[in-house]
Student: 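Got a structure for you, questions after.
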2 protein chains.
Amino acid sequence: MRTLYHLALSPQSRLIRLVLGEKRMEVHLRAEPVWERRDEFLAINPAGEVPVLVEDDGSTIAGSQAIAEYLEECDDTIPLLPGTIADRAEIRRLVSWFDRKFDREVTDLLVGEKVMKRFLGIGEPSSSAIRAGHANLQIHLAYIAWLAERRTWLAGDKFSLADLAAAAHLSCVDYLGDVPWDHAPEAKEWYARVKSRPAFRSLLADAVPGLRPVGHYADLDF
Amino acid sequence: MRTLYHLALSPQSRLIRLVLGEKRMEVHLRAEPVWERRDEFLAINPAGEVPVLVEDDGSTIAGSQAIAEYLEECDDTIPLLPGTIADRAEIRRLVSWFDRKFDREVTDLLVGEKVMKRFLGIGEPSSSAIRAGHANLQIHLAYIAWLAERRTWLAGDKFSLADLAAAAHLSCVDYLGDVPWDHAPEAKEWYARVKSRPAFRSLLADAVPGLRPVGHYADLDF
């Protein structure tokens, strides 16, 4: 069976777990303590980052973007980049939005400061970074709400990788209880729909040692 | 004719200019002063970032990754993601390497500090950031040299988007004269081959107002 090197609160890893789940592909999950910089892991991915997918034949694919496109090319019977060339471009625009912009402006400032800094042993959380993360999150939630009001799913009529990328990031922030859902009901309604998909179950069962999720984290009716 | 909103020293914009050049697709270049946050531009791309491609029919594609995949899907007679599914995964891994890792560890710390901070009006360059950028660049050059020693092009036997992504970033840093080419002859030899491609010419003619490129910047025999 294929193996995914991952971390529970890495949104890029969560994205790939969701892709595999949606495509009903089995995977063996292996948590990789990237902060230990194990030689064996660096040989697989010199970037030293998760996710990394290792296929049965030993071939490895590193990075969420490369893995997501790879899995889509391997099997698109359940497509996550559906539609025309232009539809696919809009999906990819939003995937980048979440994996670059949301990552830098929200995830890094909240999950990065509160969780990863501790694991990496690089000091105390910065309260100004956390404040900025909360402020940026309000703007991002408003954008998600704006999209969700106008479209069935974030990128258009069809469920896609864009919904999974957004939900992967939000689910990490939500684990910490940092998403003010009541400020953005349309975003909450969209997230509830993604969260109730079977592929999401494994994420909701995650438990990071020493860090319990907020009470509503696994609640589908939050 | 299609229009590309770009900035001369944005590596993501340069990547798309190179893709268009390699595919022999004509484009009208329009420099977008993203720091002005023009309403008209934010309506096209709410992320407020370049590159953005606008097609003749008015459709827009935002973000280098989405645009590169889009252009490949529009016309792959000159493929930039050539080979098998696994080959394409390796190309995309390296594109992410440069667009995320190199960007964060080198481009942001050198071009970001020395150039973009001035345009954005957000203070003086940080000398510690610049020192870190130089140190990280040595490691990245060694990795490029390592790849170039073992492969014809960075991702394998065939020229690909990975070479363009790497060269797009390096060319911005090289504009500032910050690449210690003599420390990594294999990387230099690879870069000389990319730099001599016709698609590169428009990049070598770039001139940022108030910031002249280093002497060897446009020299093919540097």
Side-chain angles (χ1 to χ4, degrees), chain A residues 12 42 44-49 51-55 57-76 81 83-105 108 112 139-140 142-144 146-147 155 161-162 165, chain B residues 12 42 44-49 51-55 57-76 81 83-105 108 112 139-140 142-144 146-147 155 161-162 165:
Chain A
Q12 289 79 14
L42 291 174
I44 297 175
N45 182 17
E49 293 166 358
V52 178
L53 187 71
V54 181
E55 291 281 29
D57 65 4
S59 63
T60 63
I61 303 103
S64 65
Q65 220 175 291
I67 300 173
E69 297 277 351
Y70 167 84
L71 292 172
E72 185 78 359
E73 293 187 355
C74 285
D75 183 356
D76 67 351
L81 288 159
T84 64
I85 291 179
D87 295 337
R88 290 158 64 90
E90 174 64 358
I91 294 167
R92 290 189 179 108
R93 174 184 79 83
L94 285 169
V95 172
S96 283
W97 177 287
F98 290 101
D99 257 356
R100 291 180 68 99
K101 192 173 172 66
F102 190 100
D103 197 45
R104 197 171 57 225
E105 296 176 356
D108 262 4
I139 298 165
H140 278 280
Y143 185 52
I144 291 169
W146 187 89
L147 291 170
L161 198 61
Chain B
Q12 289 79 15
L42 290 174
I44 296 174
N45 183 17
E49 293 166 358
V52 177
L53 187 71
V54 181
E55 290 282 29
D57 64 5
S59 63
T60 63
I61 302 102
S64 65
Q65 216 175 293
I67 300 172
E69 297 276 352
Y70 166 85
L71 291 172
E72 185 78 358
E73 293 187 354
C74 285
D75 184 356
D76 67 351
L81 287 159
T84 65
I85 291 179
D87 294 336
R88 292 158 63 89
E90 175 64 358
I91 295 167
R92 291 189 178 109
R93 174 183 80 83
L94 286 169
V95 172
S96 282
W97 178 286
F98 291 101
D99 257 357
R100 292 180 67 98
K101 194 173 171 65
F102 190 100
D103 196 45
R104 198 171 55 225
E105 296 176 355
D108 262 3
I139 298 166
H140 277 280
Y143 185 53
I144 291 169
W146 187 89
L147 291 171
L161 198 61

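What you see below is based on every heavy atom in this structure, not just the backbone, and it leaves out hydrogens, waters and symmetry mates. Computed from a predicted structure; not experimentally measured. Letters go in sequence order (proteins before strands), and every chain restarts at 1.
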Student: So which heavy atom on B/Ala66 is nearest to which on A/Ala89, and how close?
Tutor: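 B/Ala66 and A/Ala89 have their closest heavy atoms at CB-O, 3.7 Å.
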Student: Can you tell which part of A/Ile61 gets under 4.5 Å to a heavy atom of chain B, answering side chain, backbone, both or neither?
Tutor: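 Answer is side chain: those atoms of A/Ile61 sit under 4.5 Å from chain B.
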Student: Compare all side-chain heavy atoms of A/Pro46 with those of B/Trp146 and state whether any distance is below 4.5 angstrom.
Tutor: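 They are not in contact (no side-chain heavy atoms under 4.5 Å apart), so the answer is no.
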Student: If you round to the nearest 0.5 Å, how far is CD of A/Glu90 from OG1 of B/Thr60?
Tutor: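 Those atoms lie 7.5 Å apart.
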Student: With no hydrogens and no angle check, is any side-chain donor or acceptor of B/Arg93 less than 3.5 Å from a backbone partner on A/Asn45?
Tutor: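 Checking the backbone N and O of A/Asn45 against the side chain of B/Arg93, no donor-acceptor pair under 3.5 Å is found.
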Student: Top residue by heavy-atom pair count (under 4.5 Å) with chain A, among B/Ser59, B/Ala62, B/Gly63, B/Ala86?
Tutor: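 Heavy-atom pairs under 4.5 Å are most numerous for B/Ala62.
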Student: Side chains of A/Arg100 and B/Asp99: closer than 4.5 Å at any heavy-atom pair?
Tutor: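 Yes, side chains in contact.
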Student: Can you list the residues that meet the side-chain hydrogen bond (donor to acceptor under 3.5 Å, both in side chains) rule with A/Glu49, with sequence neighbours excluded?
Tutor: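 A/Glu49 satisfies side-chain hydrogen bond (donor to acceptor under 3.5 Å, both in side chains) with B/Arg104 only.
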Student: Check this for me, if you would: do B/Arg92 and A/Glu73 make a salt bridge, where the nitrogen-to-carboxylate-oxygen distance has to be below 4.0 angstrom?
Tutor: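 Yes, this pair counts.
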Student: Residues in ring-ring contact (aromatic ring centres under 6.0 Å, His included) with B/Tyr70, at least two apart?
Tutor: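 Applying ring-ring contact (aromatic ring centres under 6.0 Å, His included) to B/Tyr70 gives none.
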Student: Can you tell me which portion of A/Arg88 sits under 4.5 Å from chain B's heavy atoms? Options are side chain, backbone, both or neither.
Tutor: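 Contact with chain B: side chain only.
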